[in-house]
Amino acid sequence: MDKAKLLRQLPAVHELVNCCEFCGCPSHLLTAAARDVLAHWRAEILDKGVTPPDTATLAEEVVVLAEKGMQRNLRPVINATGVVQHTNLGRAPLSNSACEAVLKIARGYCNLEMDLETGERGERYSHVEKILCRLTGAEAALVVNNNAGAVFLALHALAQGKEVIVSRGELVEIGGSFRIPDVMAQSGAVLREVGTTNRTHPRDYERAVGPETGLILKVHPSNFRVVGFTREVKRQELVALGQRNQIPVMEDLGSGVFVDLLQYGVEHEPMVQETLSAGVDLVTISGDKLLGGPQAGIILGRADLLQILKKDQLLRALRVDKMILAALEATLRAYLEKSATKEVPILNMMALTRADLEKKAKELKNLLEEAIKGECSIELKPGVSRVGGGALPITDLPTTLVVLHPQKISSAVLVERLRLGDPPVVVRLQEEGILIDPRTLMSGDQEVLVKAVKGALQG
Ligand SMILES: *Cc1c(COP(=O)(O)O)cnc(C)c1O
């Protein structure tokens with residue numbers, strides 16, 4: 001058939017929209033979707049001379065497309081990867097009490113910047129400062145948008161135009177946009193590198209100290225490790241050097257923890273408390289890494305230094321909003337009340353024992369077997385979870401994995417269908433099959449996951 005004839009078979013936009021009105025999508029979305037569907041088929045006709053489907057089929061395509069347009073872009077995802085602190089999946093899930101606090105504060109007015117005792121203007125930062133000090137022994141604390149902002153603000157306020165001494169072994173890049181040398185340059189501080197990639201000695205720092213020095217900086221390597229023939233200068237040695245020369249010492253701990261991770265079988269991470277009590281003047285950490293709270297950067301330490309940061313104009317550009325403060329306060333209170341392991345999901349997931357995980361894996365396997373018998377082989381296998389993302393990249397936590405091998409479709413297809421589903425499910429795909437780690441499943445995820453796998457197998 002000639003192409004002009006085929007093109008005339010396509011309905012007009014309004015006709016097509018009229019056929020879809022039953023679906024409940026707003027008409028502007030239906031119109032936009034109808035235009036897209038018609039454009040697609042027009043191109044198919046012109047390019048390949050194909051016969052377009054009938055109007056009813058086209059209408060179905062329009063509804064599918066319009067419904068997709070109604071889906072939120074930012075959506076909850078099921079994290080079946082076992083990576084506890086997954087940067088691409090939103091880092092820390094918040095505790096229930098943090099979520100409730102956000103909702104309460106977000107939907108109305110609050111005393112963000114009003115001192116209710118005096119009725120005068122108050123400080124937004126005051127709502128969490130005392131709690132942070134109580135938890136860590138710091139004299140003062142300040143919360144900003146994220147840890148990158150915290151480091152930037154501290155360098156800007158304390159070392160603009162001065163030298164900041166950093167070991168070459170600690171000039172790290174954390175996720176692309178945060179590189180110590182670049183942050184340093186942008187803050188106006190001058191990087192003074194000392195030592196070598198694998199070995200830096202106290203004398204390297206000593207030689208670099210002079211009238212130009214504004215700060216000695218120690219940086220947690222976060223997402224990599226130097227192993228083998230190495231020498232790192234201990235924080236106590238840096239503190240002593242700083243004190244002798246009256247130069248403040250700052251440590252960017254990155255993740256930052258308030259509890260000893262050894263209790264979860266994870267390697268010891270320097271806690272904020274011990275870093276401060278070793279004499280480090282300022283510590284910077286993220287709120288949404290292993291602390292398990294909202295995105296934030298937290299600066300703790302000497303009151304006189306924090307006073308300088310609080311007066312820096314840059315603070316305004318890095319300030320946190322009421323929802324972050326609500327979530328952070330609730331998270332910090334769980335630590336104060338010693339209920340963090342139970343309440344804060346990140347800690348809760350790290351604390352799961354081998355027996356807990358084996359039980360969860362068995363449960364999930366049974367549910368999957370009932371739902372998808374014959375379409376997929378399912379086995380249990382010992383494996384490892386990861387703490388993840390800029391925190392403890394090489395720390396393995398033992399777990400039991402549920403391993404899937406679809407019979408009728410490839411593993412890659414199943415993985416893609418799961419990711420494109422609603423809700424999206426993110427799994428690990430490795431040579432041994434599709435790996436589902438029960439460690440990072442939240443309450444209620446199990447049933448949804450089983451349904452998702454069943455749906456994805458059927459296409
Ligand atoms: C993660 C990390 C940062 C950046 O923190 P954000 O909260 O992601 O901005 C900075 N320094 C170190 C050492 C880190 O691990």
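Everything numeric in this text was worked out from a predicted model, so none of it was measured.
- If you check the side chains of S97 and E343, you find a donor sitting under 3.5 Å from an acceptor.
- Atoms NZ and CD1, from K365 and I378 in turn, are 7.0 Å apart once rounded to the nearest 0.5 Å.
- Shown here is F22, whose CZ atom has more than 12 heavy atoms of other residues, nucleotides or ligands within 6.0 Å.
- When I324, L315, V320 are each tested for a side-chain contact (heavy atoms from CB on, under 4.5 Å) with V144, only one passes: L315.
- Contact detail for A98 and T331: the closest heavy-atom pair is CB-OG1, 3.8 Å.
- Salt bridge absent: D204 and R199 never bring a charged side-chain N and a carboxylate O closer than 4.0 Å.
- Taking a 6.0 Å sphere around CG of N96, one finds it holds 12 or fewer heavy atoms contributed by other residues, nucleotides or ligands.
- Remark: K451 does not engage E447 in a salt bridge, criterion side-chain N to carboxylate O under 4.0 Å.
- Distance check, rounded to the nearest 0.5 Å: CG of L158 to CG of L305 gives 5.5 Å.
- Put simply, the side chain of R91 never gets that close to the backbone of Q295: no donor and acceptor are under 3.5 Å apart.
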Report task. Show your working on side chain to side chain contact (heavy atoms under 4.5 Å, CB included) between Y264 and V259 and close with a plain yes or no. Result -> CA-CA 10 Å; Y264 311 127; V259 291; 3.9 Å; yes
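- In this structure, the side chains of S286 and S255 stay at 4.5 Å or more apart for every pair of heavy atoms.
- Shown here for A371 and V450, the closest heavy-atom pair between the two residues is CB-CG1, 3.6 Å.
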Requested in this report: Walk me through it: do V427 and L429 pass the test side chain to side chain contact (heavy atoms under 4.5 Å, CB included)?
Outcome: CA-CA 7 Å; V427 295; L429 175 59; 5.6 Å; no
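- At a threshold of 4.5 Å between non-hydrogen side-chain atoms, the residues R235 and P270 count as touching.
- For K360, the NZ atom is loosely surrounded, since the number of other residues' heavy atoms within 6.0 Å does not exceed 12.
- Side-chain contact between L306 and L282 is present, with heavy atoms from C-beta onward closer than 4.5 Å.
- One N or O on the side chain of N348 and one on the backbone of K342 form a donor-acceptor pair closer than 3.5 Å.
- With N147 as reference, T284 is the one residue of L253, I298, T284, I174 to meet the side-chain contact (heavy atoms from CB on, under 4.5 Å) rule.
- Residues R231 and V233 approach most closely at NH1-CA, 3.7 Å, considering heavy atoms.
- Salt bridge annotation for D396-R386: present, with a cationic side-chain nitrogen under 4.0 angstrom from a carboxylate oxygen.
- Summarising the geometry of I308 relative to A157, their closest heavy-atom pair is CG2-O, 3.7 Å, with the distance given to 0.1 Å.
- In this structure, CG in L171 is found 7.5 Å from CD1 in I180, a value given to the nearest 0.5 Å.
- In this structure, the side chains of M250 and V164 stay at 4.5 Å or more apart for every pair of heavy atoms.
- Proximity of a side-chain donor or acceptor of K362 to a complementary backbone N or O of L380 within less than 3.5 Å is not detected.
- Pairing each heavy atom of P423 with each of I78, the nearest pair is CG-CD1, 4.2 Å.
- Distance check: L300 CG to T136 OG1 gives 4.5 Å after rounding to the nearest 0.5 Å.
- M271 is listed as a side-chain neighbour of D260, based on a closest heavy-atom distance under 4.5 Å.
- Scanning all heavy atoms of the two residues, the minimum distance from A340 to L347 falls at CB-CD1, 3.8 Å.
- Here the side chain of H220 pairs no donor or acceptor atom with the backbone of I285 at under 3.5 angstrom.
- The distance from the CG atom of N79 to the CG atom of L89 is 5.0 Å, given to the nearest 0.5 Å.
- Few gaps surround CZ on R75; more than 12 heavy atoms of other groups in view lie less than 6.0 Å from it.
- Counting only distance, with no hydrogens or angles, the side chain of Q407 and the backbone of H405 share a donor-acceptor pair below 3.5 Å.
- Side-chain contact between S167 and E232: absent, with no pair of heavy atoms (C-beta onward) separated by less than 4.5 Å.
- In this structure a side-chain-to-backbone donor-acceptor pair under 3.5 Å is missing from R439 to G82.
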Requested in this report: Give the C-alpha distance, both sets of side-chain angles, the deciding distance and a yes or no for side chain to side chain contact (heavy atoms under 4.5 Å, CB included) between L325 and E329.
Outcome: CA-CA 6 Å; L325 286 167; E329 182 180 355; over 6 Å; no
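- Between T440 and V84, some side-chain heavy-atom pair lies under the 4.5 Å cut-off.
- The backbone N or O of G256 sits nowhere less than 3.5 Å from a side-chain atom of E269 that would complete a donor-acceptor pair.
- Ion pairing between a basic and an acidic side chain is recognised when a charged N comes within 4.0 Å of a carboxylate O; E139 and R302 show no such pairing.
- Between P53 and E61 there is a side-chain heavy-atom pair separated by less than 4.5 Å.
- Counting heavy atoms of neighbouring residues, nucleotides and ligands inside a 6.0 Å radius, atom CZ of R168 exceeds 12 of them.
- Checked by atom type and distance alone, the side chain of H127 pairs as donor or acceptor with a backbone atom of L112 at under 3.5 Å.
- Environment of CD in E117: sparse, with no more than 12 heavy atoms of neighbouring residues, nucleotides or ligands closer than 6.0 Å.
- Look at K310 and E129 and you find a salt bridge, because one of the NZ, NE, NH1 or NH2 atoms lies within 4.0 Å of a carboxylate O, short of that distance.
- Looking only at distances, no side-chain donor or acceptor of E375 sits under 3.5 Å from a matching main-chain atom of I372.
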Query raised in the report: Please walk me through it: do V453 and C376 pass side chain to side chain contact (heavy atoms under 4.5 Å, CB included)?
Result: CA-CA 10 Å; V453 172; C376 198; 5.5 Å; no
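- One N or O on the side chain of E170 and one on the backbone of V219 form a donor-acceptor pair closer than 3.5 Å.
- Note that CD of Q458 and CZ of R417 are 10.0 Å apart. Values are rounded to the nearest 0.5 Å.
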